[in-house]
Amino acid sequence: VLARLRRLGVGVHGGHRAVVPDGFACDEITPGPVRFSTGQPPVEADAVLWAIGRVRPNTDWLPREVLDPSGFVRVTAELRVPGADLVYAIGDVAATDDLRSSARNRADRLLAHNIRSDLTGRPGRARRYAPPRRRWGSVLGVQADGLQVFAPNGRPFRFPAWSVDTILQPWIVRRGIYGGIRKR
């Protein structure tokens, strides 16, 4: 991806932290310059795509009383929305942790358990969501040469292309992470 971007004339400045202009929500493409907090000189650009991980939830349509000051849906550790009976939130919209990691960290199973507990009149059996202390994952997904995954320490490792469809997807993802298809 980096080589393709460079061939297209796109300047990529990884490893440097861009300084967001005061009052800017990173919600539009802007002209340069881009200034950095890491000592790199400013970079001029015709167009700057601010891909820095700043998130704004699509929750303007929800009642203000269910939102936190940043606009995310307030939730308890059980993923319940306080003050709203039988209402739950998960994923990018839920204020579970700074990275709103509940969906990608398999809290869907925990949420299903908690909904069942509430609907069967046993809310005391609900489980608590605890975001992982360490992060890892792929930034770009599967590429032609395989899948690059970043460990919690930031170091990348690669699954070769041949292993993605033969080992990683069927055995690790479908069977290991998603639990496969089981009869009950």
Side-chain angles (χ1 to χ4, degrees), residues 1 13-14 16-32 34-37 45 47-142 147 149-152 154 169 172-182 184:
V1 171
H13 302 275
H16 299 282
R17 184 165 299 279
V19 176
V20 177
D22 288 336
F24 179 55
C26 298
D27 57 351
E28 59 187 75
I29 296 173
T30 64
V34 176
R35 300 188 192 297
F36 298 93
S37 66
V48 178
L49 174 61
W50 293 86
I52 61 170
R54 186 169 288 181
V55 178
R56 198 178 97 219
N58 182 14
T59 57
D60 292 342
W61 56 278
L62 290 173
R64 301 273 4 123
E65 61 268 13
V66 302
L67 303 177
D68 71 6
S70 299
F72 294 96
V73 178
R74 289 182 299 111
V75 292
T76 65
E78 295 79 19
L79 305 175
R80 295 180 181 117
V81 176
D85 289 342
L86 299 177
V87 177
Y88 311 83
I90 192 171
D92 293 343
V93 75
T96 54
D97 58 290
D98 289 342
L99 296 176
R100 285 151 304 278
S101 66
S102 58
R104 69 180 162 272
N105 285 305
R106 302 300 303 157
D108 57 319
R109 191 174 286 167
L110 179 142
L111 179 61
H113 170 86
N114 291 353
I115 291 170
R116 253 189 318 281
S117 295
D118 287 348
L119 292 176
T120 58
R122 299 183 303 207
R125 293 194 53 206
R127 297 180 187 148
R128 298 173 64 87
Y129 173 71
R133 291 185 302 244
R134 299 176 66 107
R135 307 281 185 240
W136 67 274
S138 171
V139 176
L140 299 172
V142 179
L147 176 67
V149 176
F150 293 86
Q169 285 294 333
I172 307 298
V173 175
R174 289 190 198 105
R175 191 162 275 210
I177 295 173
Y178 293 119
I181 299 172
R182 296 187 174 107
R184 291 198 181 250

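- In this structure the side chain of V93 never reaches within 4.5 angstrom of the side chain of N58, judged on heavy atoms.
- Side-chain contact check for V48 versus I29: every heavy-atom pair is 4.5 Å or farther apart.
- Judged by distance alone, with hydrogens and angles left aside, the side-chain atoms of T59 form a donor-acceptor pair with the main-chain N or O of G71 at under 3.5 Å.
- Looking at C26 and V20, their side chains come closer than 4.5 Å, going by heavy atoms from C-beta outward.
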Residues 77-90, side-chain donor-acceptor partners within the protein, below 3.5 Å, at least two apart:
residue	atom	partner	partner atom	Å
E78	OE1	T76	OG1	3.1
E78	OE2	R128	NH1	3.1
R80	NE	D118	OD2	3.0
R80	NH2	D118	OD1	2.7
R80	NH2	P123	O	3.3
Y88	OH	D118	OD2	2.6

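- Side-chain contact check for F24 versus T30: some heavy-atom pair is nearer than 4.5 Å.
- Every residue two or more places apart in sequence or in another chain that forms a ring-ring contact (aromatic ring centres under 6.0 Å, His included) with H13 is listed here: F36.
- R74 places no side-chain N or O within 3.5 Å of a backbone atom of F72 that could act as its donor or acceptor partner.
- Remark: D22 engages no residue in a side-chain contact (heavy atoms from CB on, under 4.5 Å) (not counting sequence neighbours).
- Listed by chain and number, the residues in a side-chain contact (heavy atoms from CB on, under 4.5 Å) with T120 are R122 (sequence neighbours excluded).
- Summarising the geometry of G91 relative to S102, their closest heavy-atom pair is N-OG, 2.6 Å, with the distance given to 0.1 Å.
- Residues S101 and T96 approach most closely at N-OG1, 3.9 Å, considering heavy atoms.
- For the atom pair OH of Y129 and CG of D97, the computed distance is 5.0 Å after rounding to the nearest 0.5 Å.
- Looking at residues two or more places apart in sequence or on another chain, you find a side-chain contact (heavy atoms from CB on, under 4.5 Å) between P63 and E65, V66.
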